[in-house]
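In what follows, a structure is listed as structure tokens, so that the remarks can point back to it.
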Amino acid sequence: MPRQVDHESRRRLIAEAVCRLADERGLEGVTLRDVAARAQVSMGAVQRCFRTKEEMLVFALGHIGERIGERVQARLVRSPAQSAGTALGHAATEVSLLREEHRAEARVWLAFVAQAAVSEVLATTLKANYAALQEAFTRLISEADESADPAAPLDPQREARALLALADGLTTHVLVGHLTPQESHDVLHAHLAGLWEQPDRQQ
């Protein structure tokens with residue numbers, strides 16, 4: 001058992017090194033040798049953890065997805081009394097990676113998204129991450145919609161897809177400087193408010 005724990009810990013250490021290098025250079029600048037140096041382990045240690053660079057990148061992408069998912073979950077349980085609509089806003093904000101402390105993570109995430117466009121194995125991992133987030137959004141929208149106008153119900157899955165796409169797009173717009181974090185925050189929360197302020201719901 002101790003050897004297994006040490007192996008998993010080392011894999012996560014290496015994943016963090018991958019993320020730091022990807023933030024600095026993009027994924028094209030990530031080599032096994034540089035990862036080993038950044039993680040302060042030997043090349044042999046990296047190769048014992050991951051047979052190929054692709055396997056290492058897949059694990060690192062999953063590591064980032066888990067980290068974001070854990071923050072979303074933490075926001076959902078931090079205040080059990082909050083409404084589903086409020087929880088949805090918190091979750092969408094976390095996914096958008098708008099805060100300054102998440103800027104490096106956003107750069108790394110988008111580097112992986114770009115690489116996934118030409119890597120089927122990375123795309124598979126990315127789709128699994130998106131599916132989990134979409135499921136969480138769908139559940140929260142369903143719960144929030146229960147207290148809205150029953151004559152004009154939302155399609156929770158469709159709205160979850162739209163919200164996830166919006167959150168993902170805002171990440172890019174902030175990174176390239178098209179929108180400020182505050183402008184993106186305003187766009188996101190205006191969209192959320194609009195879900196339950198549609199004209200047919202106000203009649």
Side-chain angles (χ1 to χ4, degrees), residues 61-103 105-117 119-120 122-203:
L61 175 57
H63 179 64
I64 299 171
E66 286 178 10
R67 202 160 59 192
I68 296 171
E70 286 168 1
R71 285 206 305 270
V72 169
Q73 191 60 32
R75 289 295 296 267
L76 298 184
V77 302
R78 191 173 301 161
S79 177
Q82 67 187 344
S83 69
T86 299
L88 179 65
H90 289 327
T93 299
E94 290 293 343
V95 170
S96 299
L97 302 173
L98 300 180
R99 292 200 292 273
E100 181 62 36
E101 62 264 34
H102 297 151
R103 200 59 45 79
E105 193 172 67
R107 288 192 292 267
V108 174
W109 178 260
L110 288 185
F112 273 105
V113 170
Q115 189 65 26
S119 169
E120 184 176 349
L122 283 177
T124 298
T125 302
L126 194 61
K127 286 187 286 188
N129 289 335
Y130 280 137
L133 291 171
Q134 182 178 305
E135 183 180 351
F137 283 1
T138 300
R139 176 175 56 81
L140 289 169
I141 292 171
S142 295
E143 292 175 8
D145 203 43
E146 289 177 358
S147 59
D149 182 358
L154 294 174
D155 180 334
Q157 189 172 69
R158 184 187 65 195
E159 298 299 342
R161 287 172 180 157
L163 179 58
L164 183 57
L166 175 62
D168 217 34
L170 290 174
T171 305
T172 303
H173 284 240
V174 169
L175 280 183
V176 302
H178 175 65
L179 295 175
T180 66
Q182 185 58 55
E183 288 169 339
S184 290
H185 184 276
D186 292 345
V187 168
L188 179 62
H189 287 272
H191 175 80
L192 289 167
L195 290 178
W196 290 282
E197 294 177 1
Q198 298 171 33
D200 57 353
R201 286 171 175 262
Q202 298 175 347
Q203 293 176 355

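Index from 1, following the sequence. Just so we're clear, the structure is a prediction, and the values are computed from it rather than from any experiment.
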Compare every heavy atom of L140 with every heavy atom of A91, then report the nearest pair and how far apart it is.
CB-CD1, 4.4 Å
With H173 via ring-ring contact (aromatic ring centres under 6.0 Å, His included) - residues at least two apart:
H178
Is there a side-chain contact between L97 and I68 in this structure, where contact means two heavy atoms from C-beta onward sitting under 4.5 Å apart?
yes
Whether E100 and R103 form a salt bridge (side-chain N of Lys/Arg under 4.0 Å from carboxylate O of Asp/Glu) is what I want to check.
yes
I64 versus E105: any side-chain heavy-atom pair under 4.5 Å?
yes
Find the distance between CD (Q134) and CZ (F137) and round it off to the nearest 0.5 Å.
9.5 Å
Would you mind reporting whether V113 and L122 have side-chain heavy atoms less than 4.5 Å apart?
no
Would you indicate whether the side-chain heavy atoms of L195 and H191 approach each other to under 4.5 Å?
yes
Determine, for E135 against R139, whether the closest basic-nitrogen to carboxylate-oxygen distance falls under 4.0 angstrom.
no
Once rounded to the nearest 0.5 Å, what's the spacing between atom CG of L154 and atom OG1 of T138?
11.5 Å
Any donor-acceptor N/O pair, S96 side chain to T171 backbone, under 3.5 Å:
no
Could you state the interatomic distance from CZ (R161) to CG (D155), rounded to the nearest 0.5 Å?
7.5 Å
Heavy-atom distance under 4.5 Å between the side chains of L88 and E143, does that happen here?
no
I'd like to check L164 versus D168 (side-chain heavy atoms, cut-off strictly below 4.5 Å). Are they in contact?
no
Is the closest side-chain heavy-atom distance between E94 and H90 below 4.5 Å?
no
Are W109 and N129 packed together at the side-chain level, in the sense that at least one heavy-atom pair is separated by less than 4.5 angstrom?
yes
Residue set satisfying ring-ring contact (aromatic ring centres under 6.0 Å, His included) with H185, at least two apart, ordered chain then number -> H189
Nearest 0.5 angstrom please: L61 CG to L126 CG, how far?
5.5 Å
Using a 6.0 Å cut-off, check whether atom CD of E120 has over 12 heavy atoms from anything other than its own residue.
no
Smallest separation among heavy atoms of A144 and A84, with atom names:
N-CB, 3.5 Å
Minimum-distance pair of heavy atoms, taken over all atoms of L192 and G89
CD1-CA, 3.6 Å
Provide the closest heavy-atom pair for L133 versus V95 in the form atom of the first, atom of the second, distance.
CD2-CG2, 3.8 Å
